[in-house]
Amino acid sequence: MIPSALSDFLEQLRDLADRADRDRLLVLYPEFAREYPDVARSIEGFVCAETPEIGRERLFRDFPSLGVLWPFAPPEWRERLETAFRFLHQTLHGRIRNGKLVK
């Protein structure tokens, strides 16, 4: 099952990605990480991966139901989520260490 914290974060992330609001993500993520440290560890693994695609596979291992849902989800849902994944990776790649956002 996908934790509600992750699905809520992904929904907010999709909105931020649509608006390319990097500053808001940089404020939102540390709050999220403090509130949901277990999910944040998975996200840290995602953003530390070499590419968003490699990171996505890690999320699918951490949250198998997300991986099962992915191939069957409507194409527009997958496309929006893929945009959110790329935005998250591009914004935070190399900026999170040990659960902390670094400049």
Side-chain angles (χ1 to χ4, degrees):
M1 180 166 195
I2 302 169
S4 63
L6 178 60
S7 62
D8 292 347
F9 180 73
L10 291 174
E11 186 58 39
Q12 288 180 41
L13 183 59
R14 286 176 22 178
D15 181 54
L16 293 175
D18 287 344
R19 293 183 286 129
D21 193 346
R22 285 178 171 74
D23 292 335
R24 189 162 165 227
L25 175 58
L26 293 173
V27 170
L28 171 69
Y29 184 78
E31 281 180 36
F32 176 83
R34 277 191 298 277
E35 193 166 338
Y36 304 102
D38 293 339
V39 177
R41 274 190 287 284
S42 293
I43 291 173
E44 182 176 350
F46 167 80
V47 300
C48 288
E50 189 173 321
T51 66
E53 294 77 21
I54 292 170
R56 185 181 65 215
E57 293 305 315
R58 177 185 170 132
L59 285 178
F60 289 174
R61 278 193 312 272
D62 289 354
F63 305 104
S65 55
L66 183 61
V68 169
L69 175 65
W70 187 259
F72 302 106
E76 62 276 359
W77 182 87
R78 275 196 329 265
E79 184 178 313
R80 283 195 71 211
L81 196 54
E82 191 65 46
T83 298
F85 284 150
R86 283 192 304 272
F87 171 72
L88 178 65
H89 191 271
Q90 188 175 52
T91 303
L92 297 181
H93 182 72
R95 297 187 80 175
I96 298 177
R97 289 198 186 84
N98 300 318
K100 303 285 186 211
L101 192 60
V102 294
K103 303 275 179 189

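By the ring-ring contact (aromatic ring centres under 6.0 Å, His included) test, Phe32 pairs with Phe9, Tyr36, sequence neighbours left out. For Thr91, the side chain to side chain contact (heavy atoms under 4.5 Å, CB included) partners are Arg22, Leu25, Leu26, Phe87, not counting sequence neighbours.
For the atom pair Arg56 CZ and Arg86 CZ, the distance stands at 9.5 Å (nearest 0.5 Å). Rounded to the nearest 0.5 angstrom, Glu79 CD and Glu82 CD are separated by 9.5 Å. Summarising the geometry, atom CZ belonging to Arg61 is positioned 7.5 Å from atom CD belonging to Glu57; distances are rounded to the nearest 0.5 Å.
When atom types are taken as modelled, the side chain of Tyr29 and the backbone of Leu88 share no donor-acceptor pair closer than 3.5 angstrom.
Contact check for Leu59 versus Phe85: side-chain heavy atoms found under the 4.5 Å cut-off.
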Just distance, no hydrogens or angles: give the donor-acceptor pairs under 3.5 Å from side chains in residues 42-55, sequence neighbours left out.
from	atom 1	to	atom 2	distance (Å)
Ser42	OG	Asp62	OD2	2.7
Glu44	OE1	Gly99	N	2.9
Glu44	OE2	Asn98	N	2.9
Thr51	OG1	Ile54	N	3.1

